[in-house]
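All values below come from the heavy atoms of this structure, side chains included, with hydrogens, waters and symmetry mates left out.
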Amino acid sequence: MKQKFVCIAILLLFSSLVSCGTKKLPVKTLSIRTASGATVAVQAEIAEKSEERARGFMERKNIPDGTGMLFVFEKDQILSFWMKNTPTPLSIAFIDHGGKIRDIFDMKPYSLANTVSTVSVRYALEVPQGWFQRAGISVGDTLILE
């Protein structure tokens with residue numbers, strides 16, 4: 001009986017860890033102003049805490065167009081991201097403290113290769129791969145910070 005209880009407890013702990021891995025963070029509607037003057041909205045989960053940023057989109061299999069995750073850092077710095085345990089191909093925009101998109105890169109699922117910003121930035125926005133291009137967003141466009 002005691003062994004059965006331990007097995008059930010381990011199973012419950014494992015299920016809670018797995019479900020936490022795919023738990024969504026609070027969502028905010030962000031706006032990006034393009035060079036042409038258009039405004040594009042994205043529904044982004046906000047990752048502000050260290051553990052939220054470390055988890056990111058790991059284990060997520062479905063990230064629809066028009067959604068993403070904004071990683072918020074305390075200060076400007078060179079940022080480095082990888083795709084460990086992330087099955088969905090993503091694009092990442094590195095954004096400076098004023099909201100200007102400084103880099104956009106594509107990242108491969110499960111890759112341990114680092115994707116590094118070319119300058120110090122405050123934010124990173126991950127979206128489904130190719131979404132920036134499909135939405136008409138490019139380097140130099142501006143995330144409207146409120």
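Applying the salt bridge (charged side-chain N to carboxylate O under 4.0 Å, His left out) test to every pair with at least one member in residues 89-103, sequence neighbours left out, gives these pairs: D96-R102. Sorted by first and then second residue, the salt bridge (charged side-chain N to carboxylate O under 4.0 Å, His left out) pairs involving residues 81-92 (not counting sequence neighbours) form an empty list. Legend: salt bridge (charged side-chain N to carboxylate O under 4.0 Å, His left out) pairs involving residues 125-139, not counting sequence neighbours, sorted by first then second residue: D65-R134.
One hydrophobic cluster, built from ILVMFWY side chains closer than 4.5 Å, holds both L143 and I104. No continuous path of ILVMFWY side-chain contacts below 4.5 Å connects I95 to V119, so the two sit in separate hydrophobic clusters. Cluster annotation: M69 is not connected to Y123 through the hydrophobic network of ILVMFWY side chains, with a link wherever side-chain heavy atoms come within less than 4.5 Å. Taken together through direct or relayed side-chain contacts under 4.5 Å among Ile, Leu, Val, Met, Phe, Trp and Tyr, I46 and F73 form parts of separate hydrophobic clusters.
Judged as a side chain to side chain contact (heavy atoms under 4.5 Å, CB included), and not counting sequence neighbours, Q133 has no contacts. F132 is linked by a ring pair (Phe, Tyr, Trp, His ring centres under 6.0 Å) to nothing, counting only residues two or more places apart in sequence or in another chain. With sequence neighbours excluded, the residues that form a side-chain hydrogen bond (donor to acceptor under 3.5 Å, both in side chains) with E74 are R53. Remark: D76 pairs with H97, R122 by the side-chain hydrogen bond (donor to acceptor under 3.5 Å, both in side chains) rule, at least two apart or across chains. Scanning for side-chain hydrogen bond (donor to acceptor under 3.5 Å, both in side chains) contacts around T115 gives an empty result, with sequence neighbours left out. Applying the side-chain hydrogen bond (donor to acceptor under 3.5 Å, both in side chains) rule to S138 yields no partners; only residues at least two apart in sequence or on another chain are considered. Every residue was checked against the side chain to side chain contact (heavy atoms under 4.5 Å, CB included) condition with P26, not counting sequence neighbours, and none meets it. Residues that satisfy the salt bridge (charged side-chain N to carboxylate O under 4.0 Å, His left out) test with D141, not counting sequence neighbours, are absent from this structure.
Formation of a donor-acceptor pair under 3.5 Å by the T142 side chain with backbone atoms of R33 is not found in this model. A distance-only check finds a donor-acceptor pair linking the side chain of S91 to the backbone of G130 [under 3.5 Å].
Side-chain contact between L90 and F81 is absent, with no heavy-atom pair separated by less than 4.5 Å. Using a 4.5 Å heavy-atom cutoff, the side chains of L125 and V127 are in contact.
Looking at every heavy atom in both residues, P109 comes nearest to P89 through CG-N, 3.6 Å. When all heavy atoms of V116 and F105 are compared, the closest pair comes out as O-CE1, 3.6 Å.
Atom CD of E48 is separated from atom CG of L70 by 8.5 Å, given to the nearest 0.5 angstrom. Taking CZ of F57 as the reference point, atom CD1 of I63 lies at 4.5 Å (rounded to 0.5 Å). Between the CG atom of N114 and the CD1 atom of I78 there is a distance of 12.5 Å, given to the nearest 0.5 Å. Going from atom OG1 of T86 over to atom NZ of K108 covers 15.0 Å, rounded to the nearest 0.5 Å. Rounding to the nearest 0.5 Å gives a distance of 7.5 Å between CG of L79 and CD1 of I92.
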For side-chain contact (heavy atoms from CB on, under 4.5 Å), just list the numbers for I137 and W131, CA-CA rounded to whole Å, side-chain angles, deciding distance to a tenth of an Å, and then say yes or no. CA-CA 8 Å; I137 296 167; W131 181 82; 3.6 Å; yes
What side-chain donor-acceptor pairs closer than 3.5 Å can you find for residues 36-45, not counting sequence neighbours?
| residue | atom | partner | partner atom | Å |
| --- | --- | --- | --- | --- |
| S36 | OG | T34 | OG1 | 2.9 |
| Q43 | OE1 | T29 | OG1 | 3.2 |
| Q43 | NE2 | T29 | OG1 | 2.6 |
| E45 | OE1 | L25 | N | 2.8 |
| E45 | OE1 | R60 | NH2 | 3.0 |
| E45 | OE2 | R60 | NH1 | 2.8 |

